[in-house]
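Take a look at the structure set out below.
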Amino acid sequence: MKKPHVLLMAAVPPMLIERLEQNYHLHKFFPGQSLESMEGIAPDVQAIVASGESRVTADFLAQFPATGILAVFGAS
């Protein structure tokens, strides 16, 4: 079975990264990285993992049309 594509744009514990890599095709997006670097995978990304500090705008989300969930990681 083909693994779903997930975009990680938050600092998360190594244990969570391990689990994501085991179950998904994980792509990492860091502050300052250009959206152009994501063009090849953008149409396939089904989920985005962010934090409360991540900058996720409507324009940003529009670049990932298959995204069905935006998961925000962190404590409240």
Side-chain angles (χ1 to χ4, degrees):
M1 183 163 93
K2 187 176 171 183
K3 291 182 179 181
H5 291 257
V6 172
L7 183 67
L8 175 64
M9 53 183 307
V12 296
M15 184 175 74
L16 179 56
I17 292 174
E18 270 183 46
R19 297 288 302 265
L20 289 168
E21 289 176 335
Q22 288 171 1
N23 296 291
Y24 304 96
H25 189 82
L26 188 64
H27 306 278
K28 298 173 184 171
F29 185 82
F30 299 103
Q33 189 173 342
S34 72
L35 270 176
E36 290 79 28
S37 66
M38 296 285 115
E39 283 179 357
I41 59 102
D44 299 321
V45 171
Q46 295 175 313
I48 297 175
V49 177
S51 72
E53 297 174 3
S54 301
R55 185 165 162 81
V56 183
T57 64
D59 289 338
F60 182 87
L61 284 175
Q63 304 302 309
F64 302 92
T67 299
I69 186 167
L70 171 60
V72 178
F73 179 85
S76 55

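Note that the structure is predicted; figures quoted are calculated from it, not measured.
Taking CG of Leu7 as the start and CD of Gln63 as the end, the distance is 12.0 Å to the nearest 0.5 Å.
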Please output the side-chain donor-acceptor pairs of residues 47-56 that fall under 3.5 Å, not counting sequence neighbours, one pair per line with the distance.
| unit_1 | atom_1 | unit_2 | atom_2 | d |
| --- | --- | --- | --- | --- |
| Ser51 | OG | Glu53 | N | 3.2 |
| Ser51 | OG | Ser54 | N | 3.4 |
| Ser51 | OG | Ser54 | OG | 3.3 |
| Ser54 | OG | Met9 | O | 3.0 |
| Ser54 | OG | Ser51 | N | 2.9 |
| Ser54 | OG | Ser51 | O | 3.4 |

Show which side-chain atoms of residues 35-46 pair as donor or acceptor with protein atoms under 3.5 Å away, not counting sequence neighbours.
| unit_1 | atom_1 | unit_2 | atom_2 | d |
| --- | --- | --- | --- | --- |
| Ser37 | OG | Gln33 | NE2 | 3.1 |
| Ser37 | OG | Ser34 | O | 2.6 |

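Residues satisfying the ring pair (Phe, Tyr, Trp, His ring centres under 6.0 Å) test with Phe64, not counting sequence neighbours, are Phe60.
The cluster map of Ile, Leu, Val, Met, Phe, Trp and Tyr, joined by side-chain heavy atoms under 4.5 Å apart, puts Phe29 and Leu70 in the same cluster. Residues Leu8 and Phe73 are members of one and the same hydrophobic cluster, defined by side-chain heavy-atom contacts under 4.5 angstrom among Ile, Leu, Val, Met, Phe, Trp and Tyr.
The backbone N or O of Gln22 lies less than 3.5 Å from a partner atom in the side chain of Lys3, making a donor-acceptor pair.
The two residues Arg19 and Asn23 make their nearest non-hydrogen contact at O-ND2, 2.8 Å.
One finds a salt bridge joining Lys28 and Glu21 here, because a Lys/Arg side-chain nitrogen approaches an Asp/Glu carboxylate oxygen to under 4.0 Å.
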